[in-house]
Amino acid sequence: MIYNAKKTERKWQDIWEEGGVFHAKYNIDKQKFYALVEFPYPSGAGMHVGHIKAYAGLEVISRKRRMQGYNVLFPIGFDAFGLPTENYAIKTNLHPRIVTDNNIEKFSEQLKRIGFSFDWSRVIDTTDENYYKWTQWIFLKMFENGLVFKDKALVNYCPSCKVVLSNEDSQGGKCDICHNDVVQKSKDVWYLRITEYADKLLEGLEEVDFLPNIKLQQVNWIGKSTGAFVRFDIKGIDEKLQVYTTRPDTLFGATFMVIAPEHPIINKYSEKIENMAQLQEYRKECAKKTEFERTQLNKDKTGVKIEGLKAINPVNNEEIPIYISDYVMMGYGTGAIMAVPAHDERDYEFAKKFGIEIIEVIKGGDIEKEAYPGDGEMINSGFLNGLTNKNDSIDKVIEFLEEKNLGEKGVQYKMKDWAFNRQRYWGEPIPIIHCEKCGIVPVPYNELPLRLPEIKDFEPGKDGESPLARIESFVNCECPKCLGKAKRETDTMPQWAGSSWYFLRYIDPDNNSEFANEEKLKYWMPVDWYNGGMEHVTRHLIYSRFWYRFLYDIGQVPYKEPYAKRTAQGLILGPDGDKMSKSKGNVVDPNEVIDEYGADVLRSYVLFMGDYEKAAPWSESSVKGCKRLVDRVYNLYEILTDSKNYSKELESSFHKTIKKVTLDIEALKFNTAIAAIMTLLNEIYDKGSITKGEMKALLIILNPFIPHVTEELWEMCGFDGLLANAAWCSYDEEKCKDSEIEIVIQICGKIRERIMISANSSSEEAIEKAKSLEKIAEAIKGKTIVKEIYVSGKLVNIVVR
RNA sequence: GCCGGUGUGGCGGAACAGGCAGACGCAAGGGACUUAAAAUCCCUCGCUGGCAACAGCGUACCGGUUCAAGUCCGGUCACCGGCACCA
């Protein structure tokens with residue numbers, strides 16, 4: 001029989017959809033399982049095989065859990081605001097709304113062609129005003145709670161996309177969207193105070209089940225460090241220069257200070273500074289460098305001494321020079337450091353280059369050769385001399401500083417506040433009004449959604465201004481407070497806004513009075529299992545945990561953490577082993593695979609191709625292996641017999657396979673689960689027939705992987721109802737065990753023989769039987785037996801001398 | 001530079017928690033069926049030697065622990081990912 005995948009798959013997709021088979025129903029009497037996959041950005045390029053792999057994992061788990069009786073919520077939606085769509089719209093002269101609608105339609109069709117068991121009744125689209133109304137609502141709540149502020153500061157700016165970027169969006173000094181170099185620019189920026197949540201985000205990690213490397217990456221990204229703030233007097237001026245240091249214990253060794261080129265103190269005291277022109281020259285040079293050059297290429301220290309200003313070391317009143325150098329960043333700590341060349345590598349290098357004194361304050365290294373960052377006995381350190389414990393020294397210094405009000409304990413984070421405005425059209429308008437009288441006024445809640453105005457020209461404005469700034473009917477408005485003339489904020493939110501809470505909306509997508517009903521949130525949250533890409537660990541995954549935690553703090557959601565468990569799939573590489581990319585021409589189109597082999601083949605291949613969590617190259621020929629699997633399954637119908645039970649020969653194999661598949665699926669070991677079923681299939685064909693009972697079990701355990709062909713066979717066999725609604729197979733632990741097992745006999749660890757013995761043989765019996773073998777007896781004859789080992793069910797090892 | 005991960009046949013990958021290395025699949029070779037091809041089915045398939053039974057070697061490299069190491073320990077190398085002058 002030839003299996004017609006195209007016709008059959010379509011048939012079942014229609015039946016599932018019409019029957020609402022995968023619709024999740026709010027039912028508090030049933031154990032819920034909320035499986036979440038990262039909703040796609042509907043780009044014009046269509047789906048990528050990577051999407052299929054990312055979704056196929058939880059798809060299999062969801063189908064299995066449904067069969068096991070869970071009330072499964074497995075939703076899908078579209079994260080549709082963002083630059084690529086807007087850029088495409090500009091290029092093709094279409095409205096982003098139309099581009100988005102087209103792309104969503106295309107994606108939906110593709111996703112349905114794969115037969116994913118998503119609940120299509122809950123689809124969300126972040127660009128829908130009924131959705132972004134609530135994105136804006138949460139933003140206003142944050143505003144109300146002091147988590148939104150405006151600042152003019154140096155920010156990451158992408159000259160090519162013409163937008164301000166957050167730290168997360170410019171990792172490695174590259175724009176996340178176009179991958180061009182990011183520059184530092186001084187701009188007015190709206191920030192979300194995510195740093196206020198740094199500790200909560202760290203603590204929350206302790207109670208969730210995330211892959212260890214995901215946790216670690218988040219911990220590193222948040223980058224918490226503890227230390228102290230220390231204020232240095234500046235000689236002759238009533239001004240203190242504050243630094244942050246993790247090593248206050250080395251304060252006696254501070255022989256100079258360094259401030260960032262952008263540090264405000266330079267302009268403030270420009271009159272006192274004797275070499276201002278030289279400093280300006282240096283600052284200009286620094287400004288020219290990209291972040292990349294400044295941090296990566298230019299490890300060679302440069303800098304200029306500030307003539308006319310001297311700092312005073314608070315512990316010994318020594319006058320020390322102040323330098324500007326771009327190895328100190330304005331964006332971290334206070335933009336100024338105390339330099340201890342003897343015990344910090346960078347300061348050492350700088351001191352050597354500029355001929356500055358190096359004072360050893362901790363014994364243990366050789367400061368003639370290099371800086372010594374380790375521990376040891378304190379020397380040359382006044383009241384610290386003789387101490388050997390770093391923490392004791394730190395405590396003592398801080399005590400000293402606090403007494404004189406010259407410093408205190410402090411904490412710093414690498415994570416920065418979230419630069420939240422984008423100077424573009426295709427995003428949620430920021431619901432803020434600027435009033436000359438009242439200042440910054442939030443848009444009243446009852447005016448939400450603040451809709452994006454219809455416009456024709458989406459080109460970003462000059463000087464990095466949003467296209468919305470040109471729409472007078474949008475800009476000019478009434479101040480909600482004083483009713484006077486006012487202007488709207490014209491920037492929009494970043495792409496990450498809508499995705500920061502979408503998992504909450506799935507729970508109650510049509511709710512018009514709140515973002516989601518409290519009781520429903522209590523039932524469905526937290527997400528039981530969230531799977532997605534590693535690239536989101538320090539972006540979306542941080543942002544959404546922040547938003548959710550904020551909603552928890554204001555009593556809007558029931559639990560502290562949104563995701564109980566988080567895993568990540570590995571990439572699918574091109575057939576050449578490189579990352580798939582358009583420019584390399586190694587991208588595999590899922591549509592083509594489906595056209596040629598069918599969705600079941602595609603689904604099973606992306607799971608069978610290797611370890612789910614690791615990257616693996618696509619192989620056209622290996623896909624055929626899965627094609628054979630589907631055909632072989634279909635052709636089982638021809639060797640079907642009437643018996644309702646397991647056959648004697650295969651009973652144990654079935655129990656073992658069911659057990660393995662049941663456990664492997666939950667461990668994301670889809671490749672070995674499928675391999676086990678292939679092995680069973682080989683046994684069935686070797687035997688030459690399959691009973692109805694066996695067929696039933698086989699179809700059930702295969703269904704999550706290849707749902708169409710199994711559903712078809714289920715119907716052909718005349719089994720009740722839909723396979724999708726059938727109950728998962730149970731297995732009998734006792735029947736997974738063999739009564740007779742093969743063990744190997746080793747002499748000194750080398751295999752010499754294999755025998756079958758009864759599974760419950762004692763150690764003595766097994767060893768006796770081994771020794772009675774001709775070959776073994778021969779081998780040990782005349783030798784002393786040093787040791788005899790029996791590993792139950794595995795081997796006998798006889799050690800002789 | 002720092003942190004994390006990985007390294008197994010021609011290829012993708014298996015191997016519970018130290019106990020038969022290479023499951024399953026692909027590719028390749030041989031055969032059956034066919035006028036022929038495709039599809040399907042059967043056999044072989046880590047390397048070396050041997051007609052064979054079998055023997056020796058083999059999980060990046062060097063060393064160690066153990067009756068026994070892909071797995072544990074110490075060191076080296078390579079590749080991948082993250083961070084990157086974070087004071």
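Everything quoted here is computed from the prediction, not taken from an experiment. In what follows, chains are A, B, ... by sequence order, proteins preceding strands, each numbered from 1.
When the side-chain nitrogen and oxygen atoms of A:Y244 are compared with OP1 and OP2 of B:A87, none of them lie within a distance under 4.0 Å. An OP1 or OP2 oxygen of B:C41 is reached within less than 4.0 angstrom by no side-chain nitrogen or oxygen of A:R628. Between A:K669 and the phosphate of B:A15, there is a side-chain N or O to OP1/OP2 separation shorter than 4.0 Å. Phosphate proximity of B:C57 to A:K750: present, with a side-chain N or O under 4.0 Å from OP1 or OP2.
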Could you spell out the base pairing of RNA chain B in dot-bracket, with Watson-Crick or G-U pairs whose two distances are under 3.5 Å, [ ] crossing and | to another strand?
-> (((((((..(((......[....))).(((((.......))))).((((....))))..(((((..]....))))))))))))....
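Here the P atom of nucleotide B:A23 and the NZ atom of A:K656 are 17 Å apart, to the nearest Å. Put simply, CD1 on A:I677 is 13 Å from P on B:G25, counting in whole angstrom units. If you take CG of A:L795 and C1' of B:C20, they are 8 Å apart, rounded to a whole angstrom. When the P atom of B:A38 is taken as reference, atom NZ of A:K624 falls 11 Å away, rounded to whole Å. Protein atom CD of A:E753 is 12 Å distant from nucleotide atom C1' of B:A53, rounded to whole Å. Here B:C24 presents its P atom at 7 Å from CG of A:N682, a figure rounded to the nearest Å. When the P atom of B:A53 is taken as reference, atom CZ of A:R754 falls 14 Å away, rounded to whole Å. The distance from atom CD1 of A:I674 to atom P of B:C26 is 13 Å, rounded to the nearest whole Å.
With sequence neighbours left out, A:E765 forms a side chain to side chain contact (heavy atoms under 4.5 Å, CB included) with A:S761, A:S762. Under the rule for a side chain to side chain donor-acceptor pair (under 3.5 Å), the partners of A:E620 that lie at least two apart in sequence or sit in another chain are A:Y597. With sequence neighbours excluded, the residues forming a side chain to side chain contact (heavy atoms under 4.5 Å, CB included) with A:V800 are A:I747, A:C748, A:I780, A:K783, A:I785, A:I798, listed by chain and number. A:D199 pairs by the side chain to side chain contact (heavy atoms under 4.5 Å, CB included) definition with A:L202, A:E203, A:K224, A:Y413, not counting sequence neighbours.
If you check B:G82, B:C67, B:A27 against the side chain of A:Q171, the one that comes closest is B:G82. With B:C20, B:G19, B:G25 as the candidates, the nucleotide lying closest to the side chain of A:E742 is B:C20. Across B:A23, B:A68, B:C20, the shortest atom-to-atom separation from the side chain of A:N797 is found for B:A68. Among B:A27, B:A14, B:A55, the nucleotide with an atom closest to any side-chain atom of A:S621 is B:A27. For A:D326, counting side-chain heavy atoms from C-beta on, the closest listed nucleotide (B:C85, B:C24, B:A14) is B:C85.
Within 4.0 Å of A:S225, counting heavy atoms only, lie sugar-phosphate atoms of the nucleic acid but no base atom. Residue contacts shown for A:Q412 are absent, as no nucleic acid heavy atom lies under 4.0 Å away. Counting any heavy atom pair closer than 4.0 Å across all strands shown, A:I789 reaches a base atom.
For the pair A:E733 and A:K659, the salt-bridge criterion is met [side-chain N within less than 4.0 Å of a carboxylate O]. Remark: A:K416 does not engage A:E168 in a salt bridge, criterion side-chain N to carboxylate O under 4.0 Å.
If you find the closest nucleotide of RNA chain B to A:R752 and to A:T245, the one lying nearer the 5' end belongs to A:R752. Where A:G333 and A:N167 meet RNA chain B, the nucleotide closest to each residue was compared, and A:N167 sits on the side nearer the 5' end.
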Between A:K735 and A:K656, is a side-chain contact (heavy atoms from CB on, under 4.5 Å) present by the stated rule, with each step listed?
-> CA-CA 8 Å; A:K735 289 183 177 154; A:K656 276 191 231 169; over 6 Å; no
How far apart are the C-alpha atoms of A:W221 and A:K414, what are their side-chain angles, what is the distance that settles it, and do they pass the side-chain contact (heavy atoms from CB on, under 4.5 Å) test?
-> CA-CA 7 Å; A:W221 183 256; A:K414 288 186 196 173; over 6 Å; no
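Shown here, B:G9 is classed syn by the O4'-C1'-N9-C4 or O4'-C1'-N1-C2 angle, which is within 90° of 0.
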Can you give one letter per nucleotide of nucleotides 8-13 of chain B, going 5' to 3': B for a protein heavy atom under 4.0 Å from the base, S for sugar-phosphate only, - for none?
-> ----BS
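The base of B:C85 sits within donor-acceptor range of the side chain of A:K301, with an N or O pair under 3.5 Å.
The closest donor-acceptor contact from the side chain of A:D578 to the backbone of A:K584 lies at 3.5 Å or more, if one exists at all. Side chain of A:R247 to backbone of A:D344: no donor-acceptor contact under 3.5 angstrom is found.
Side chain to side chain, A:K660 and A:T662 fail the donor-acceptor criterion of an N or O pair below 3.5 Å.
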